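The structure displayed is predicted, hence computed values, not measured ones. Atoms considered below: every heavy atom in the structure, side chains included; atoms not considered: hydrogens, waters and symmetry mates.
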Amino acid sequence: MGAAALMCGIAGAFALTRARALPPDLVPRMIRRLAHRGPDGEGVLTRPGYALAQRRLAIVDIAGGAQPMGLADGTVQVTFNGEIYNYQELRAELQQRGAVFTTNSDTEVLLHGWRAWGTGLAARLRGMFAFALVDETRHCLYAARDHLGKKPFHWLQQDGVFLFASELKALHEARFPRRLRTDAIAQFLALRYVPDPISVFAEVHKLPPAHWALVDADGVRLMRYWQVSFLASDERPAGDWHEPILALLDEATRIRLMGEVPLAPFLSGGIDSYAVVDSMTRTLGRGIAACTIGFDDPAFDERSAARVAAAACGATLREEVLRQQDLLDLDWLADTFDEPFADSSAVPTFHVCRLARRHVTVALSGDGGDESFAGYRRYLFDVREHRVRRLLPAPMWRGLGALYPKFDWLPRPLRWKRTLQNLGLPGDLAYARSVSANLPEDVFAILRREHHAAAGDPLAPVRDAWQRSDARDPLGRAAAADFATWLPGDILVKVDRTSMAVALEVRAPFLDVKMVELAARIPSRHKLAGGQTKAMLRAALRSRLDPAALARRKQGFSVPLRSWLRGPVGDLLAAQLRDPLLLEWIDPAVVTPRLQAHRAGVQDHGELLWAVLMLGRFLRRWCA
């Protein structure tokens, strides 16, 4: 692989009219708020009408990738976070068109690519990226975010200036009014995160995945350049998919091994990370060191499965055991997540990133396999619901759902209430409810009544994405909804913020855009064949992985949230419920009895209570 440069934090300001002066210290202050993302260096470029900045985590071409970077004539400048995996092919194409390169950096491809392809540049890139470039001749700014949203990009327009940054916290240097969006709060309480393109603050936006933005004197124009399509379903026999899947997995892994610094994979008990470790060892032709996190609670500890996978691959395993007192140190959460975020698996993800960073600068993960290859059990349940839904009229299903007890503390297969309720609903709403952490009726129960009118439908982003999909079957629509909401809003935010908090770069071969496009062409019946999640991927990996691992039920990277809230975390929440900032949004008369019932073991309100705690901590840190 040739050389490239990786930048992990970007920020900038662009005046819509060239003559408008910018505060000289604004962008330097913004980029300093992102120092954790790039401890290896800082660059700031200030020109009439704009300023660009970056914080650098050096991975490759350590000597030659300084940013911001410009063309030789200085008329185009760029600040870039990420990696372009096909930059060598693009470089060769651009050289044939007459471009003269002065570095070996993938960053320079963006500069010449803009000259050659204009706003069509982003669609040609294969990688993970967020960047902004300024064309001084035209006095315009062009920004783009990768296909799936692996790299973040926040922006606001204020007093004729377009401001952007990798993380929202940097934009606070612009002193914008911190007006909270009620619909964002409601969506967070329902989904655990605030979905793109809005943010929790009315003034701040997120550039959605697979979009570019063009900013000039006429304002800000956004355009989508890619969307996963399920229309081109390929009806080849199931066995004919195995070789293409494995070949693309190996290619996606290989191109992510570029670098001049140590790399290591995460390894859990799941088959996705196991497959990545196996692919890495095949590509490198030697054993590697992997990282795993265990828990002192056996119900959540996957180390035994990780050890089996490591041994099968000839890998050594670096382990760390987290005890309850380690996991309950939550002070870092509000600083790391500058929007409300309630996916509790962020806690162990942070700790496994911290473990990896002691040894390496880059880690590979198995993220993305579940979305592309139907690994979540909710996909299987949703497909089955769709088949059964037509057997009875919708009002009858709703009546059965109303009569069936909630049974929070029973095993999940016996909790039929939500399933019966879903059977009486249209497909988009049923899936949105199944993927939500908390149902809208529970959200509105705890949200103060004066906010109800402005809250809207907390599940609207999921429902809209489900309806916009071109998939012809419920599994494709569910996956499309997840690619548009859950993946960029939850999974990728969690990984980006927790890894960047410790200056670790994480790459995910299963999130390669070619892998996603390949998986979208596989008929749904193959993905859930025999009533098994991830059936196609399991079959493809049968020639490589331990059979016991392929048969193992998905556990997920979770924490003992229920027991936490019955103990010390419940104490934290009880204290938080006295905070006036939180009480502006949450009704303690509703939350307190639910906390008491949870602690008594009568009901399970773990997700709801954790969301309230995370909201309170966010408000105290960022809105006080």
Not counting sequence neighbours, which residues clear salt bridge (charged side-chain N to carboxylate O under 4.0 Å, His left out) with Arg124? List them please.
Glu93
Any side-chain heavy-atom pair of Val78 and Leu52 under 4.5 Å:
no
Sorted by chain and residue number, the salt bridge (charged side-chain N to carboxylate O under 4.0 Å, His left out) partners of Arg18 (sequence neighbours excluded) come out as none
Donor-acceptor pairs under 3.5 angstrom involving side-chain atoms of residues 27-34: please list them, not counting sequence neighbours.
unit_1, atom_1, unit_2, atom_2, d
Arg29, NE, Asp25, O, 3.4
Arg29, NE, Asp25, OD2, 3.1
Arg29, NH1, Glu173, O, 3.2
Arg29, NH1, Glu173, OE1, 2.6
Arg33, NH1, Glu173, OE2, 2.7

Going by atom type alone, with no hydrogens or angles, which donor-acceptor pairs under 3.5 Å involve a side-chain atom of residues 481-493 and a protein atom two or more places apart or on another chain?
unit_1, atom_1, unit_2, atom_2, d
Asp482, OD1, Tyr431, OH, 3.1
Asp482, OD2, Arg378, NH2, 2.9
Asp482, OD2, Tyr379, OH, 2.5
Asp482, OD2, Tyr431, OH, 2.9
Thr485, OG1, Ala481, O, 2.6
Trp486, NE1, Glu371, OE2, 3.1
Trp486, NE1, Tyr376, OH, 3.1

Side chain to side chain donor-acceptor pair (under 3.5 Å): pairs with one or both residues in residues 193-212, sequence neighbours excluded
Arg145-Asp196, Arg179-Glu203, Lys206-Glu339
Would Ser268 and Ser273 count as having a side-chain donor-acceptor pair, cut-off 3.5 Å?
yes
Leu364 side chain reached by Pro509 side chain, heavy atoms, under 4.5 Å:
yes
For this output row, return yes or no: ring centroids of Phe164 and His154 closer than 6.0 angstrom.
no
Begin with the C-alpha distance, continue with both residues' side-chain angles, and end with the deciding distance and a verdict on salt bridge (charged side-chain N to carboxylate O under 4.0 Å, His left out) for Glu108 and Arg115.
CA-CA 11 Å; Glu108 194 175 1; Arg115 278 273 179 90; over 6 Å; no
Taking Glu251 first and then Arg126, would you say they form a salt bridge - that is, a charged N and a carboxylate O separated by under 4.0 Å?
yes
Is there a donor-acceptor contact under 3.5 Å linking the side chains of Thr103 and Ser105?
no
Any side-chain to backbone donor/acceptor pair from Arg181 onto Asp183? Under 3.5 Å, distance only.
no
With a 3.5 Å cut-off and sequence neighbours excluded, list the donor-acceptor pairs that the side chains of residues 8-17 form with protein atoms.
none

Could you list the residues that satisfy side chain to side chain donor-acceptor pair (under 3.5 Å) with Ser279, not counting sequence neighbours?
Asp250, Thr253
Residues passing the side chain to side chain donor-acceptor pair (under 3.5 Å) test with Gln158, sequence neighbours excluded, are none
Could you walk me through whether Ser499 and Glu505 pass the side-chain contact (heavy atoms from CB on, under 4.5 Å) check?
CA-CA 6 Å; Ser499 62; Glu505 178 61 39; over 6 Å; no
Picking from Arg256, Arg254, Lys150, what satisfies salt bridge (Lys or Arg N to Asp or Glu O under 4.0 Å) with Asp512?
Arg256
Got a sec, which pairs hit salt bridge (Lys or Arg N to Asp or Glu O under 4.0 Å) with one end in residues 353-368, sequence neighbours left out?
Glu320-Arg358
Is any NZ, NE, NH1 or NH2 atom of the basic residue among Asp335 and Arg617 found under 4.0 Å from an Asp or Glu carboxylate oxygen of the other?
no
With sequence neighbours excluded, what pairs up with Arg178 under the side chain to side chain donor-acceptor pair (under 3.5 Å) test?
His172
Just to verify, what does Arg47 make a side chain to side chain donor-acceptor pair (under 3.5 Å) with, not counting sequence neighbours?
Glu136
Would a line drawn from the ring center of Phe80 to the ring center of Phe129 be shorter than 6.0 Å?
no
Gln54 (side chain) donor-acceptor with Gln67 (main chain) under 3.5 angstrom
yes
Check against ring pair (Phe, Tyr, Trp, His ring centres under 6.0 Å), Tyr225 and His147:
CA-CA 8 Å; Tyr225 66 82; His147 301 71; 5.2 Å; yes
Residues pairing under salt bridge (Lys or Arg N to Asp or Glu O under 4.0 Å) where one sits in residues 210-222, two or more places apart or in two chains, turn out to be none
Near-ring test Phe618/Phe337, centroid separation under 6.0 angstrom:
no
Nearest 0.5 Å please: distance from the CG atom of Leu518 over to the CG atom of Leu248.
6.0 Å
Do Leu133 and Leu141 have side chains that approach each other closer than 4.5 Å (heavy atoms only, starting at C-beta)?
no
